[in-house]
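Chain identifiers are assigned alphabetically (A, B, ...) following the order of the sequence lines, protein sequences preceding nucleic acid strands; residue numbering begins at 1 within each chain.
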Amino acid sequence: AQSVSQHNHHVILSEAASLELGCNYSYGGTVNLFWYVQYPGQHLQLLLKYFSGDPLVKGIKGFEAEFIKSKFSFNLRKPSVQWSDTAEYFCAVIPSSGNTPLVFGKGTRLSVIA
Amino acid sequence: DTGVSQDPRHKITKRGQNVTFRCDPISEHNRLYWYRQTLGQGPEFLTYFQNEAQLEKSRLLSDRFSAERPKGSFSTLEIQRTEQGDSAMYLCASRTQSGSIQYFGAGTRLSVL
């Protein structure tokens with residue numbers, strides 16, 4: 001069964017700092033990868049996804065993620081965070097074939113301070 | 001609002017009581033998923049439906065849990081004889097059969113006293 005590991009439980013950054021959140025997954029086959037974001041009091045929203053092709057994917061609000069197959073990683077990045085990026089970020093994986101459900105990491109809470 | 005809606009948003013109950021939650025998926029989505037999220041964890045899969053058929057259940061879903069989707073539209077999740085350990089956020093998500101993106105509702109937060 002696949003699993004997802006997010007390295008950082010809580011990250012605190014100042015506005016304009018650069019962000020990188022780690023995500024590693026374990027699964028031997030081809031996967032689809034996702035980053036979801038949960039703003040305080042709101043529902044989970046898709047930030048970006050990778051299915052195939054260019055391993056550098058761009059999402060909403062200036063976020064991007066890079067799929068490195070050899071490292072089983074899908075790290076999330078943003079060059080300059082804003083206070084409004086304060087949220088919880090979840091990495092998720094699903095095998096490309098089959099109908100298994102999403103497997104989520106434990107999440108990383110990002111706090112951006114002015 | 002044409003997103004996934006869940007009702008109620010919050011439920012407080014006493015241990016031993018039964019509770020039922022409802023999820024209305026996006027109208028053209030025939031796949032519906034239930035997840036549970038506890039503090040400090042990501043969502044954990046509970047069960048999913050394709051139309052009215054329940055196709056998979058997680059080991060997390062004890063005998064006290066039951067889910068239905070009788071007409072292939074909305075779904076209900078019932079927990080019988082609630083325990084304090086059932087306190088969590090219960091999330092519903094839906095997607096089309098061919099799609100790969102799940103869309104989530106705001107969740108129902110259950111507190112068992």
What is the distance from atom [atom1] of [X] to atom [atom2] of [Y], rounded to the nearest 0.5 Å?
X      : Y      : atom1 : atom2 : result
A:L44  : B:Q102 : CG    : CD    : 10.5 Å
B:I101 : A:F51  : CD1   : CZ    : 5.0 Å
A:L102 : B:S100 : CG    : OG    : 9.5 Å
B:Q41  : A:F90  : CD    : CZ    : 9.5 Å
B:M89  : A:H43  : CE    : NE2   : 12.0 Å

Top contributor to chain A interface from B:F104, B:F45, B:Y103 [non-hydrogen pairs under 4.5 Å]: B:F104
Under 4.5 Å from a heavy atom of chain B, the part of A:Q38 involved: side chain
State whether the number of non-hydrogen atoms from other residues, nucleotides or ligands found under 6.0 Å of [X] atom [atom1] is greater than 12.
X     : atom1 : result
B:R15 : CZ    : no
A:I60 : CD1   : yes
A:E15 : CD    : yes
B:L60 : CG    : yes

B:L55, part contacting chain A, at a heavy-atom distance under 4.5 Å: neither
Region of B:E44 that comes under 4.5 Å of a non-hydrogen atom in chain A: neither
Sub-4.5 Å side-chain heavy-atom contact between B:Y35 and A:P101: yes
Count I, L, V, M, F, W, Y as connected when their side-chain heavy atoms are under 4.5 Å apart, and connections chain through other members. Are [X] and [Y] then in the same cluster?
X     : Y     : value
B:L91 : B:L77 : no
B:L61 : B:Y90 : yes
A:Y36 : A:Y50 : no

